Amino acid sequence: MQKPFEKGTFMSDDMISCRTLYKASGFSDDDFSRPVIGICDSFTDIVPGHKNLRELSEQVKYGVYRAGGTPVEFGCIAVCDGVCTTHDGSLYSLPSREIVADGIEIMARAHRLDGLVLVGSCDKTVPGMLMAAARLDIPCIFLAGGCMLGGPAFGNKLKSDSTSSEEAHGMFQAGKLSMEKVLELTNSCCPTIGSCQHMATANSMCCMAEALGMSLPGSGAIPAVYNERTRAALRTGEVAVEMVKKGLTARDILNEESIKNSIMVLMATGGSTNCVIHTVAIAHELGIPAEKVMGWFEEYGNTVPLISKIVPASQEFDGEDFYKAGGIPEVQRQLASILYNDCMTVTGKTIAENVAEYKSYYPKNPKVITSLDNPHSTLAGLAIMHGNLAPNTAVAKPAAIAEEVRHFVGKAICFDGEDATNEAIGKQLVKPGHVVVVRYAGPKGAPGMPEMFKPMKLLYGQGLNKCTALITDGRFSGTNNGCFVGHISPEAASGGPIALIEDGDEIEIDVVNRKLELKVSEEELEARRARFHYEPRKVTGYLARYARDAESADKGGVLK
């Protein structure tokens with residue numbers, strides 16, 4: 001634990017130039033006698049999940065002032081998988097996580113900040129911020145921007161969401177819907193700002209931050225437009241100062257037991273497959289080996305049932321409904337018999353104490369959050385897969401896979417990269433019984449490991465989600481449903497078995513038994529290995545450096 005704050009951090013003689021330049025911005029000597037709290041937000045006009053972060057940061061500042069601190073604001077980048085899906089933009093999404101972590105580290109260390117409030121919302125920004133907190137080990141607290149509200153009913157869903165337009169596009173390709181209707185849906189399926197409505201990576205990671213103990217109780221799932229989100233921002237600023245005064249740092253909160261807690265919560269809520277790679281990356285900053293973390297995912301994937309069900313596991317409920325049903329505190333209350341309840345949190349209290357004190361404004365809804373005794377499914381939300389196609393593991397999401405396709409055997413149809421896949425699906429070349437293989441989409445191969453949510457949504461829209469499957473060394477959005485397996489390691493670019501699949505090969509996907517098998521003899525695979533040749537994609541700038549240094553998905557996609 002860091003020493004409690006002592007006055008004078010910025011008042012010593014060797015800080016004269018520092019004080020001078022702070023004063024140029026309007027600060028006074030009194031500001032330096034109090035804890036200086038950095039407020040890092042990822043505001044951008046581009047991403048709806050980040051549109052409100054500047055306003056939230058202002059509320060955080062009020063909280064910091066109220067508690068006797070001095071707030072100083074700075075920003076970081078934010079890349080949205082949904083916005084950057086075309087023209088190679090998606091290649092930058094996962095790599096951006098490292099830039100977020102590095103940038104926050106640089107700002108905090110270079111300017112000797114006493115504490116940090118991290119204000120974020122979306123897929124790679126949240127894990128990047130948590131990685132920085134683990135790396136810095138100073139008082140840190142995370143504030144989520146909140147989810148958006150749902151749109152009008154569409155298809156089988158009671159509420160449409162940010163991916164409904166892609167599903168509609170698939171319906172258009174199959175001749176089931178006009179383009180006019182598709183475009184109309186783009187006006188209504190995302191009616192407010194906020195992170196996407198489902199248990200995709202953004203909401204999963206914000207809930208995970210709370211499960212880790214890095215956010216205020218109940219704050220992870222508050223919708224962006226609710227007034228409670230504003231009050232949570234102000235209280236977050238107050239707590240940041242309290243943490244500094246107590247000497248409560250990120251590593252007092254982030255440890256093996258808190259990570260295990262977060263994994264159990266992810267399993268129970270049907271969190272995004274992306275959370276596996278991000279959890280491994282956060283643990284890496286704490287010096288916890290990837291193999292140990294993947295072992296916890298396997299352990300809890302076999303023992304923790306699904307007790308919370310929202311889109312894509314549900315066709316009825318979304319992130320707003322999850323919040324109203326009690327959010328993470330209610331999930332933790334239901335999991336109390338298996339959690340490490342004595343883990344410390346940003347409040348200075350344990351998880352058990354926080355859960356006991358938390359009060360929801362809404363009635364509980366067992367259709368959204370049920371209990372260990374009466375789960376929605378005995379299968380956990382996430383599954384770590386093994387087999388001759390995934391020697392170093394792969395990841396599936398049973399919560400979003402219909403029972404009738406949790407065991408799927410089909411014939412391979414192979415594509416090198418997502419663009420070729422989407423083009424083929426658009427031409428309706430993918431037929432019932434196909435296992436779509438998307439390779440050279442891993443950290444090195446793409447490079448950058450883009451999300452494959454679009455091909456899955458197109459298949460859904462064409463009515464193929466329950467008669468086809470898709471496997472990849474790339475990633476998936478937590479929005480996807482159908483039969484899918486991602487994060488296949490080793491990736492194709494590293495000579496993994498996924499590179500050896502040929503059109504027509506039989507593939508077995510058994511999500512219940514965690515098995516991913518290519519039904520080809522070892523002799524034939526050896527012959528194919530002898531013929532294998534990989535020519536790296538030519539890229540420049542940051543992507544070239546990322547492709548050179550990135551570890552595989554099972555290692556968290558971190559940089560060496």
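Please read all numbers here as calculations on a predicted model, not as lab measurements.
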Heavy atoms, side chains only, cut-off 4.5 Å: are Pro447 and Val539 in contact?
-> yes
May I ask you to check whether over 12 heavy atoms, not counting those of Tyr460, lie within 6.0 Å of atom OH?
-> yes
First locate atom OH of Tyr361, then atom CD of Glu228, and finally report the distance between them rounded to the nearest 0.5 Å.
-> 4.0 Å
Kindly say whether Ile401 contributes a backbone atom to a donor-acceptor pair with the side chain of Arg406 at under 3.5 angstrom?
-> yes
Do Glu491 side-chain atoms and Lys444 backbone N/O form a donor-acceptor pair below 3.5 Å?
-> yes
Search all heavy atoms of Phe322 against all heavy atoms of Cys207 and return the closest pair with its distance.
-> CE2-SG, 3.8 Å
Would you check if there is a donor-acceptor pair between the side chains of Gln59 and Glu55 at a distance under 3.5 Å?
-> no
Side-chain (Thr370) to main-chain (Asn374) donor-acceptor, under 3.5 angstrom | yes
Enumerate donor-acceptor pairs with a distance under 3.5 Å from any side-chain N or O in residues 464-471 to protein atoms, sequence neighbours excluded.
unit_1: Lys466; atom_1: NZ; unit_2: Glu404; atom_2: OE2; d: 3.4
unit_1: Thr468; atom_1: OG1; unit_2: Leu464; atom_2: O; d: 2.6

Would you call Glu423-Lys427 a salt bridge at under 4.0 Å N-O?
-> yes
Measure from the side-chain N and O atoms of Gln197 to the backbone N and O of Cys189, and report whether any donor-acceptor pair falls under 3.5 Å.
-> yes
More than 12 foreign heavy atoms under 6.0 Å from NZ of Lys367: is that the case here?
-> no
Taking all atoms of both residues into account, what is the closest heavy-atom pair of Pro443 and Met449, and its distance?
-> N-CB, 3.7 Å
Are a donor atom and an acceptor atom from the side chains of Thr44 and His50 found within less than 3.5 Å of each other?
-> no
Can you find a pair of side-chain heavy atoms, one from Met131 and one from Glu98, that are under 4.5 Å apart?
-> yes
Gln428 atom CD: more than 12 heavy-atom contacts under 6.0 Å | yes
Closest heavy-atom pair and its distance - Pro329, Glu210 | CD-OE2, 3.2 Å
Is a side-chain donor or acceptor of Ser42 paired with a backbone partner of Ala78 at a separation under 3.5 angstrom?
-> no
Which atoms form the tightest heavy-atom contact between Gly556 and Val280, and what is the distance?
-> N-CG1, 3.5 Å
Just by modelled atom types, is the Gly194 backbone N or O under 3.5 Å from a matching donor or acceptor in the Asn52 side chain?
-> no
Which distance, rounded to the nearest 0.5 Å, do you find between the CZ of Phe415 and the OG1 of Thr472?
-> 12.0 Å
Using a 4.5 Å cut-off on heavy atoms from C-beta on, say whether the side chain of Pro375 contacts that of Leu372.
-> no
Going by an N to O cut-off under 4.0 Å, is there a salt bridge joining Arg475 and Asp123?
-> no
Would you say Ser195's side chain and Gly49's backbone share a donor-acceptor pair under 3.5 angstrom?
-> no
Examine distances only and state if a side-chain atom of Thr192 and a backbone atom of Leu149 form a donor-acceptor pair shorter than 3.5 Å.
-> yes
Compare all side-chain heavy atoms of Lys397 with those of Phe484 and state whether any distance is below 4.5 angstrom.
-> yes
Residue pair Asn274 / Glu451, side-chain donor-acceptor N/O under 3.5 Å | yes
Could you tell me whether the side chains of Thr393 and Asp554 share a donor-acceptor contact shorter than 3.5 Å?
-> no
When you check the gap from the basic side-chain N to the acidic O, do Lys159 and Glu320 get nearer than 4.0 Å?
-> yes
Hey, does the side chain of Asp473 reach the backbone of Ile488 with a donor-acceptor pair shorter than 3.5 angstrom?
-> no
Can you tell me how far the OH atom of Tyr358 sits from the CG atom of Leu216, to the nearest 0.5 Å?
-> 11.0 Å
Angle class for the Tyr323/Tyr226 ring planes (parallel below 30°, perpendicular above 60°, tilted otherwise)?
-> perpendicular
What residues form a side chain to side chain donor-acceptor pair (under 3.5 Å) with Asn156, not counting sequence neighbours?
-> none
Got more than 12 heavy atoms from elsewhere within 6.0 Å of CZ, Arg54?
-> no
Within the side chain of Arg229, is there an N or O that forms a donor-acceptor pair under 3.5 Å with the backbone of Ser219?
-> yes
Hey, are the side chains of Asp318 and Asp161 touching, using non-hydrogen atoms and a 4.5 Å cut-off?
-> no
Side chain to side chain contact (heavy atoms under 4.5 Å, CB included) between Val395 and Met385, worked out | CA-CA 6 Å; Val395 183; Met385 307 286 282; over 6 Å; no
Can you find a heavy atom in the side chain of Arg97 that is under 4.5 Å from one in the side chain of His278?
-> yes
To the nearest 0.5 Å, what is the distance between CE (Met208) and OG (Ser215)?
-> 11.5 Å
Electrostatic pair Asp505:Lys411 at N-O distance under 4.0 angstrom = no
Could you tell me whether the side chain of Gln332 reaches within less than 4.5 Å of the side chain of Leu339, counting heavy atoms only?
-> yes
Ion pair present between Lys157 and Glu167, side-chain N to carboxylate O less than 4.0 angstrom?
-> yes
To the nearest 0.5 Å, atom OG1 of Thr163 lies from atom CE of Met456 at 11.5 Å
More than 12 foreign heavy atoms under 6.0 Å from CD1 of Ile46: is that the case here?
-> no
Checking side chain to side chain contact (heavy atoms under 4.5 Å, CB included) for the pair Thr125/Cys76: CA distance, chi angles, key distance, verdict?
-> CA-CA 9 Å; Thr125 315; Cys76 74; 4.3 Å; yes
First locate atom CG of Asn422, then atom NZ of Lys457, and finally report the distance between them rounded to the nearest 0.5 Å.
-> 13.5 Å
Going through the distances and angles, do Phe142 and Leu212 end up as a side chain to side chain contact (heavy atoms under 4.5 Å, CB included)?
-> CA-CA 10 Å; Phe142 174 77; Leu212 283 165; over 6 Å; no
With a 4.5 Å limit on heavy-atom distance, are the side chains of Arg537 and Leu543 in contact?
-> no
Derivation and outcome, side chain to side chain contact (heavy atoms under 4.5 Å, CB included), residues Ile193 and Val225 = CA-CA 7 Å; Ile193 58 169; Val225 295; 4.2 Å; yes
Distance-minimising heavy-atom pair for Ser90 and Glu418 | OG-OE1, 4.3 Å
Pick out which of Ile263, Val276, Thr269 makes a side-chain contact (heavy atoms from CB on, under 4.5 Å) with Leu382.
-> Val276
What is the minimum heavy-atom distance between Gly145 and Leu56, and which atoms define it?
-> CA-CD1, 3.8 Å
Only one of Thr236, Leu143, Ile104, Val126 forms a side-chain contact (heavy atoms from CB on, under 4.5 Å) with Leu118, so which one is it?
-> Ile104
Under 3.5 Å, is there a donor-acceptor pair linking the side chains of Lys124 and Ser96?
-> no
For Phe43, enumerate each residue passing the ring pair (Phe, Tyr, Trp, His ring centres under 6.0 Å) test, keeping only those at least two apart in sequence or located in another chain.
-> none
